[in-house]
Amino acid sequence: MSVRTLPLLFLNLGGEMLYILDQRLRAQNIPGDKARKDEWTEVDRKRVLNDIIMTMFNRKFMEELFKPQELYSKKALRTIYDRLAHASIMRLNQASMDKLYDLMTMAFKYQVLLCPRPKDVLLVTFNHLDAIKGFIQDSPTILHQVDETFRQLTEVYGAISAGEFQLIRQTLLLFFQDLHIRVSIFLKDRVQNSNGRFVLPVSGPVPWGTEVPGLIRMFNSKGEEVKKIEFKHGGNYVTAHKEGSFELYGDRVLKLGTNMYSVSRPVETHMSGASKNLASRTQESIAPNPLAKEELNFLARLMGGMEIKKPSGPEPGFRLNLFTTDEEEEHAALSRPEELSYEVINIQATQDQQQNEELARIMGELQITEQPRQSTTKGDDLLAMMDEL
Amino acid sequence: MVAADSEGPKDPGIRMFRRERSIPLQGSAAALCNNLSVLQLPARNLTLFGVVHGPSAQVLSAAPDGVPLAQRQLHVKEGAGVSAPHITQVHWCVLPFRVLLVLTSHRGIQMYESDGSIMVYWHALDSGDAPSVQAVFARGIAASGHFICVGTWSGRVLVFDIPAKGPNIVLSEELAGHQTPITDIATEPAQGQDGVADMVTADDSGSLCVWRSGPEFTLLTRIPGFGVPCSSVQLWQGIVAAGYGNGQVHLYEATTGTLNIQINAHARAICALNLAPEVGKLLSAAEDTFVHIWKLSRSPQNGCIEVEHCHSECVSDTQVCGAQFCDPSGSSFAVTGYDLTEILRFGSV
């Protein structure tokens with residue numbers, strides 16, 4: 001499949017992750033002067049987003065990302081987001097991380113599926129980047145990094161043919177094949193059916209470069225049009241009035257990839273009935289194998305480029321819960337269907353310890369230190385105030 | 001699943017098709033173009049179906065009423081590296097004395113006996129001077145007389161000479177007519193000539209080439225593209241039908257390459273075209289969830305190509321990836337969709 005898919009996959013999933021974390025942190029926000037030591041404030045939120053974005057757009061990391069390569073497994077990719085999510089003072093339990101990843105992947109799957117043209121996935125990426133720049137307006141250094149990535153995207157994907165974009169789209173859809181997790185915000189907005197499949201509307205503007213269906217034109221041997229006939233297409237389409245901008249700044253026109261979360265709409269995922277066809281699951285999710293050697297090398301290369309600031313001094317990591325209560329989070333961890341398990345990477349199981357020393361060292365930093373609940377879990381007292389989901 | 005016909009804005013004409021029993025698949029269909037191959041075996045009261053899942057493909061047989069009988073999974077012959085190499089297409093090739101099942105992938109070309117039981121030939125792709133950013137794969141399969149033609153990522157079309165039986169298959173020629181990856185190939189017996197076939201090849205830039213088969217293939221016509229992939233192509237009585245990424249179907253005169261008809265057929269990329277040769281019915285399917293059926297003909301006065309729209313079918317919320325007629329008169333057809341674990345079947349009322 002296409003070897004130029006990874007940057008698009010990574011940046012869009014990363015963008016969705018930031019939307020979700022931002023929404024979640026805002027929902028638990030306490031005005032700075034009223035906050036207790038263990039409660040999230042606006043300053044904390046900005047800091048978390050800053051740290052993650054800075055890590056995501058690190059130059060060395062981006063260099064590795066943009067190298068032509070096949071897409072790796074969902075498991076391997078999930079490891080990178082684990083690390084990214086912990087690039088700040090924030091900590092997530094396994095269950096919350098699972099939920100976060102579910103939401104990220106379903107959101108981007110939806111965006112890819114609904115892209116009018118294969119090339120529009122680039123506009124979706126730009127929408128994410130535009131929003132990311134909004135999160136870090138006060139940090140010129142990071143802004144510059146994001147702009148630099150923008151430039152790289154334009155350089156690589158600006159020259160790609162429609163045929164290659166079609167292959168990229170097919171590669172992305174292959175990655176998302178058979179994922180049907182139901183997301184409450186999608187169900188409520190009627191963009192997803194109760195069986196987990198997305199709604200594909202047969203109305204609205206046609207893609208840029210496509211004509212509204214329903215016309216048959218006949219030409220003679222000289223190329224002159226001699227007759228026009230109309231037929232009933234069955235859909236309800238209109239002409240596209242404008243093409244989205246691929247410039248650094250511009251109206252993208254497409255809404256896919258913009259932030260659909262807001263503080264008042266907490267998002268739930270539903271596991272039951274998500275995947276009926278166990279037999280069709282690819283091996284990676286069932287067999288408890290260690291990652292293939294190539295995947296480990298890939299992770300080592302990629303994460304080696306990530307410069308993570310370790311929380312220094314007496315400041316412990318603050319835990320963010322993507323569920324309403326700790327009990328719910330615990331229950332989610334226990335009741336997650338087998339076939340949807342992402343399998344925590346167990347480095348000790350790898351054969352070639354020495355070769356992956358670097359990776360093992362990096363992974364060691366990933367360990368979530370369990371904090372005694374009473375002193376560090378932010379937002380406990382807020383739970384009663386949060387909307388019922 | 002509710003019959004797709006009953007949902008959405010519909011053609012107020014007589015409904016010609018209804019949903020029939022679906023055939024379950026072991027693995028969902030991948031979002032590839034031309035992702036359904038059908039082999040009709042009326043003498044044995046059977047129909048064979050082939051669908052690509054990703055790293056595997058499934059071939060299965062079904063009775064006329066759609067009851068599945070036997071199934072088999074095929075994989076790419078050699079798998080090394082990060083992930084299993086993916087299959088691009090599976091297609092039955094009907095030759096004068098035998099039928100072979102051909103499977104193309106990112107590794108090479110595999111040919112099996114028609115039920116997929118025995119692999120008779122394996123051809124590894126030569127990635128040679130491909131730049132590292134280029135995906136290497138084979139795609140586009142058609143039988144042309146006693147040859148099987150397979151397209152590649154480079155634009156080259158490989159021509160394999162197939163003996164009446166046995167595994168002694170030989171690569172006899174490489175056709176150079178395209179500069180971008182081949183998407184699809186179609187053939188039909190050449191008019192008025194025995195044992196000779198005409199063939200049309202299509203590529204990612206939308207260019208088409210029309211060939212005549214023989215010990216050496218000859219390029220007859222070249223039809224330039226317009227920057228949009230031609231994902232699927234068919235050939236019938238000297239008419240080239242081409243489906244494009246912008247949802248259009250074009251009908252060209254094969255001998256001259258002249259564009260006779262341009263249909264704004266779909267709102268998204270076309271993924272499959274198919275013909276019912278007995279009656280000149282053309283089927284087009286696209287990612288916009290629609291399948292349309294057209295009637296092709298030639299004007300009795302001046303021989304010009306004519307087309308008439310017969311039927312539209314909305315397969316709700318399904319990004320169609322394959323569609324084929326199931327009988328030569330076009331009275332039934334089957335459809336596959338991305339993420340769908342069944343083959344949908346439609347029959348005439």
Side-chain angles (χ1 to χ4, degrees), chain A residues 1-4 68-73 113 116-118 161-164 166-167 169-170 173-174 176-180 193 197-200 202-203 206-207 209-221 223 229 231-237 276-277 279-280 282 284 292 294-295 298, chain B residues 8-13 26-28 30-32 53-55 81-83 86 106 132-135 180-181 183 203-205 227-229 231 245-248 253 256 258-269 288-290 292 304 306-307 309 312-314 316-319 338-339 341:
Chain A
M1 302 307 285
S2 175
V3 292
R4 291 205 259 219
Q69 58 200 310
E70 293 278 348
L71 278 191
Y72 291 80
S73 64
L113 204 52
R117 299 174 298 181
S161 68
E164 175 125 27
Q166 171 74 308
L167 190 67
R169 176 187 162 81
Q170 290 174 346
L173 289 177
L174 202 67
F176 292 124
Q177 203 166 326
D178 300 323
L179 281 177
H180 302 297
N193 292 319
R197 284 144 200 284
F198 290 116
V199 172
L200 301 181
V202 295
S203 58
V206 287
T210 293
E211 308 224 13
V212 175
L215 191 64
I216 302 173
R217 297 165 72 198
M218 292 155 158
F219 303 89
N220 62 17
S221 52
I229 306 176
F231 71 94
K232 279 231 153 40
H233 172 265
N236 191 16
Y237 296 100
K276 286 186 198 149
N277 210 334
S280 75
T282 49
E284 53 156 335
E294 292 78 10
E295 284 194 321
F298 157 73
Chain B
K10 283 319 297 166
D11 190 352
Q26 290 242 328
S28 57
L32 301 165
H53 168 63
V82 172
S83 50
H86 288 107
H106 285 255
S132 65
V133 293
Q134 175 67 51
T180 55
T183 48
D203 71 23
D204 259 357
S205 71
V228 174
S231 32
N246 66 351
Q248 283 187 336
E253 195 64 63
T256 58
T258 322
L259 173 65
N260 272 197
I261 298 187
Q262 186 183 84
I263 312 175
N264 295 341
H266 293 274
R268 293 283 188 279
D288 65 354
T289 77
F290 281 92
H292 289 290
C304 273
E306 294 185 330
V307 74
H309 178 253
S312 66
E313 192 71 46
C314 175
S316 294
D317 301 332
T318 304
Q319 186 185 279
Y338 168 64
D339 256 356
T341 48

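Heavy atoms of Pro68(A) lying under 4.5 Å from chain B belong exclusively to its side chain. With a 4.5 angstrom heavy-atom cutoff, Arg197(A) touches chain B only via side-chain atoms. Only the side chain of Gln166(A) comes within less than 4.5 Å of a heavy atom in chain B; its backbone stays farther off. There is no contact between Glu253(B) and chain A, counting heavy-atom distances below 4.5 Å. Using a 4.5 Å cut-off between heavy atoms, Thr289(B) touches chain A through its side chain atoms alone. Interface residue Arg169(A): only side-chain heavy atoms are found under 4.5 Å from chain B.
Ring-plane geometry between His86(B) and His106(B) is classed as perpendicular, the angle between the planes exceeding 60 degrees on a 0 to 90 degree scale with a lower cut at 30.
By number of non-hydrogen pairs under 4.5 angstrom with chain A, the leading residue of Val228(B), Thr258(B), Thr183(B), Ile263(B) is Ile263(B). Interface remark: of the candidates Val212(A), Leu200(A), Val199(A), Ile216(A), Leu200(A) forms the most heavy-atom pairs closer than 4.5 Å to chain B. When each of Met1(A), Gln69(A), Met218(A), Arg117(A) is checked for heavy-atom pairs under 4.5 Å with chain B, Met1(A) comes out on top. For the set Val206(A), Thr210(A), Ile229(A), Asn220(A), the count of heavy-atom pairs under 4.5 angstrom toward chain B peaks at Thr210(A). If you tally non-hydrogen atom pairs under 4.5 Å between each of Pro229(B), Ser205(B), Ala267(B), Ala135(B) and chain A, the highest count goes to Ala267(B).
The ring of His309(B) has its center no closer than 6.0 angstrom to the ring center of His233(A). Proximity of the aromatic rings of His266(B) and Phe290(B) is defined here by a centroid distance below 6.0 angstrom, and this criterion is not met.
Ser2(A) pairs by the side-chain contact (heavy atoms from CB on, under 4.5 Å) definition with Arg4(A), Thr5(A), Glu164(A), Leu167(A), Ile168(A), Thr171(A), not counting sequence neighbours. Applying the side-chain contact (heavy atoms from CB on, under 4.5 Å) criterion to Gln134(B), with sequence neighbours excluded, gives Ala130(B), Pro131(B), Trp153(B), Pro181(B).
In this structure, a donor-acceptor pair under 3.5 Å is absent between the side chains of Asp339(B) and Gln177(A).
Summarising the geometry of Ser231(B) relative to Gly245(B), their closest heavy-atom pair is OG-N, 4.5 Å, with the distance given to 0.1 Å. Of all non-hydrogen atoms in Phe198(A) and Asn193(A), the two that sit nearest each other are O-ND2, 4.4 Å.
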